[in-house]
Amino acid sequence: MKSRGNPMAAESASASAFLLLLAIFSISPSREASILHPDDFLSLQAIRKSLSDLPGSDFFSRWDFTGDPCSFPGVFCDGDRVVALALGDPRAGTPGLAGRIDPAIGRLSALAEFSLVPGRVIGRIPDTLSFCSSLRFLALSGNFLSGPIPSSIASLRLLRTIDLSFNLLSGEIPPPIFSLPALSNIVLCYNRLSGNIPSFPSFSQLLRLDVKHNNLSGELPALPFSIRYLAASRNQLSGRTDAVLPGLTNLDYLDLSMNRLTGPVPSGVFSLPLSSLLLQRNELVGAVAPVADVRIAEVDLSYNRLSGPVSPLLSAVGRLYLNNNRFTGEVPARFAERLEAAGMEVLYLQHNFLTGMEISPAANIPVTSSLCLQYNCMVPPVNTQCPLKAGPEKTRPADQCPAWRG
């Protein structure tokens, strides 16, 4: 009679495997390490059976269970327990693994770090990960994992980093996960997640939130003051930003492009210690009015509905994209000075309603700098190379330019 599904048979098999392991190490008197815990031994066996090397990878070639599992590539032990599991060859360009993550991963009760290199691992993230109560680092990016993010992950109270990016995950983000007390890095980009971005508790020490390229909607929640990196582009986020962004005084990277955000660009955002400010392709309106010279390396406000004059305080930006808006008036002379001094790499002002720029037709703009002024209410004072998306027209039709009509 078959013993499948019989708990006693399963226990017997576990005991047999443990005794076999004990026998193996008993004939190796020189071995000083502890014998691996039977739960961990059986878990590694199940994981090995559920995964395989893609062509060109030999990661599992040294997983020989007649030897010491703690010497396997990617397996790190402390005493008789597995504390870290890094599946796949981490070297750049090396093929990853195929298969599924076996639920037996949950038997590694001392596991603190679990990572999987990019490959073709499919299926769902096992709910049993919640049994790894010591888990601090979880990184499964670059595979074909699908289904929802298990809500049981919220029981991992020590979790600091979760990276599930570049998969096929769907459904809503379980709100309790964002309330984990130690969580500082959340990377869920390039999936199919929907619903709102969950709110954060007041005690959150979040440093990085990357949820770009999903189907998230609703307004931005109040974010922790500790956050330094925020990327939520290519979603369907709506609402205003002026109630959320100015208080994030530690923010050094901001990308909210390609959403449905409305309202003005908060003046305070230009004073943040940012390296990049990316708000292009939204529905932002009003004037752009920084209160001091903007020292951000890259500012992209293109493809919005911004209006008014171009502020001279933006001339210290390294790469400035203001194209495809409704800016009017003349471009201040400070921009020409910065371009000629090679202090500005990119100045895109095409497709606005600008009426002039204080720059000499003989201006010596370095080849390392790009200036585009076409399709405004002026004849471009200098002949420069524009991107193909700017189109062939040099100026706007006269009936679109009030000054010309006058």
Side-chain angles (χ1 to χ4, degrees), residues 136-139 141 154 156-165 173 175-190 193 196-214 216 218-235 237-259 261-280 282 284 288-301 311 313-314 316-321:
R136 298 192 305 266
F137 181 86
L138 176 63
S141 66
L156 301 174
R157 307 295 291 174
L158 301 180
L159 193 63
R160 296 177 183 173
T161 294
I162 178 170
D163 182 357
L164 306 178
S165 59
I173 302 171
I177 292 178
F178 278 31
S179 296
L180 288 173
L183 197 59
S184 58
N185 296 285
I186 302 173
V187 186
L188 304 176
C189 58
Y190 289 89
L193 300 171
N196 295 342
I197 298 176
S199 58
F200 293 87
S202 58
F203 57 77
S204 175
Q205 295 300 310
L206 185 72
L207 298 176
R208 182 186 184 97
L209 176 62
D210 190 345
V211 292
K212 61 179 174 282
H213 285 257
N214 279 288
L216 299 170
E219 297 186 1
L220 279 173
L223 295 165
F225 296 140
S226 56
I227 191 169
R228 295 182 180 177
Y229 183 104
L230 173 59
S233 61
R234 289 186 180 269
N235 282 287
L237 300 175
S238 57
R240 297 167 66 99
T241 62
D242 48 357
V244 178
L245 297 181
L248 304 179
T249 54
N250 292 308
L251 201 61
D252 58 31
Y253 182 89
L254 174 62
D255 184 1
L256 297 177
S257 61
M258 302 185 189
N259 281 289
L261 300 171
T262 57
V265 179
S267 295
V269 78
F270 295 107
S271 300
L272 298 176
L274 294 168
S275 60
S276 294
L277 170 60
L278 309 177
L279 296 174
Q280 69 269 26
N282 279 285
L284 302 172
V288 176
V291 297
D293 282 334
V294 180
R295 302 293 180 182
I296 302 172
E298 181 179 22
V299 174
D300 194 340
L301 305 178
S311 172
L313 298 176
L314 293 169
V317 174
R319 299 180 298 279
L320 180 62
Y321 304 87

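Position 1 is the first residue of the sequence, and the numbers go up from there.
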Checklist line | Main-chain N/O of Ala289 paired to Ser267 side chain as donor or acceptor, under 3.5 Å | finding: yes

Next item on the list: Just jot down the side chain to side chain contact (heavy atoms under 4.5 Å, CB included) partners of Ser165, sequence neighbours excluded, or say none.
Entry: Ser141, Asp163, Val187, Cys189

Check: Taking atom CE of Met258 and atom NE2 of His213, what is their separation to the nearest 0.5 Å?
Finding: 7.0 Å

Next item on the list: Would you name the heavy atoms of Ile173 and Leu193 that are closest together and state the gap between them?
Entry: CG1-CD1, 4.1 Å

Notebook entry, point to check: Distance from Leu183 atom CG to Thr161 atom OG1, nearest 0.5 Å?
Noted result: 7.5 Å

Notebook entry, point to check: What closest approach, in Å, do Asn282 and Leu261 show between heavy atoms, and which atom pair accounts for it?
Noted result: OD1-N, 3.1 Å

Note to self: Could you tell me if the side chain of Leu251 sits less than 4.5 Å from the side chain of Leu223, heavy atoms only?
What the structure shows: no

Next item on the list: Quick one: do Leu320 and Val294 satisfy side-chain contact (heavy atoms from CB on, under 4.5 Å)? Show the steps, please.
Entry: CA-CA 11 Å; Leu320 180 62; Val294 180; over 6 Å; no

Check: In chain order, what residues pass the salt bridge (charged side-chain N to carboxylate O under 4.0 Å, His left out) check against Arg319, with sequence neighbours excluded?
Finding: Glu298, Glu345

Next item on the list: Would you check if the side chain of Asn250 reaches a backbone N or O of Phe225 as a donor-acceptor pair within less than 3.5 Å?
Entry: yes

Item checked: Qualifying residue for side-chain contact (heavy atoms from CB on, under 4.5 Å) with Val265, from Leu284, Leu245, Val299 -> Leu284

Note to self: Please report the interatomic distance NZ(Lys212) to CG(Leu188), rounded to the nearest 0.5 Å.
What the structure shows: 11.0 Å

Item checked: Distance, nearest 0.5 Å, that separates CG of Asp255 from OH of Tyr229 -> 7.0 Å

Check: Between Leu272 and Leu254, is a side-chain contact (heavy atoms from CB on, under 4.5 Å) present by the stated rule, with each step listed?
Finding: CA-CA 10 Å; Leu272 298 176; Leu254 174 62; 5.6 Å; no

Notebook entry, point to check: Would Leu237 and Ile197 count as a side-chain contact (heavy atoms from CB on, under 4.5 Å) if you check the C-alpha gap in whole Å, the side-chain angles of each, and the deciding distance to 0.1 Å?
Noted result: CA-CA 9 Å; Leu237 300 175; Ile197 298 176; 4.1 Å; yes

Check: Which residue pairs satisfy the salt bridge (charged side-chain N to carboxylate O under 4.0 Å, His left out) criterion with at least one member in residues 241-253, sequence neighbours excluded?
Finding: Arg240-Asp242

Check: Atom CD1 of Ile162 and atom OG of Ser184: how far apart are they, to the nearest 0.5 Å?
Finding: 12.0 Å

Next item on the list: Please identify each residue that fulfils side chain to side chain contact (heavy atoms under 4.5 Å, CB included) with Pro181, with sequence neighbours left out.
Entry: Arg157, Phe203

Next item on the list: Mind checking salt bridge (charged side-chain N to carboxylate O under 4.0 Å, His left out) for Arg295 and listing every partner two or more places apart, or none if nothing turns up?
Entry: Asp293

Notebook entry, point to check: Taking only residues two or more places apart in sequence, or in another chain, which ones meet Phe178 in a ring-ring contact (aromatic ring centres under 6.0 Å, His included)?
Noted result: Phe200

Item checked: Shortest non-hydrogen contact between Val211 and Ala232, atoms and distance -> CG2-CB, 3.8 Å

Notebook entry, point to check: Say you draw a straight line from CD1 of Ile186 to CG of Leu207; how long is it, rounded to the nearest 0.5 Å?
Noted result: 10.5 Å

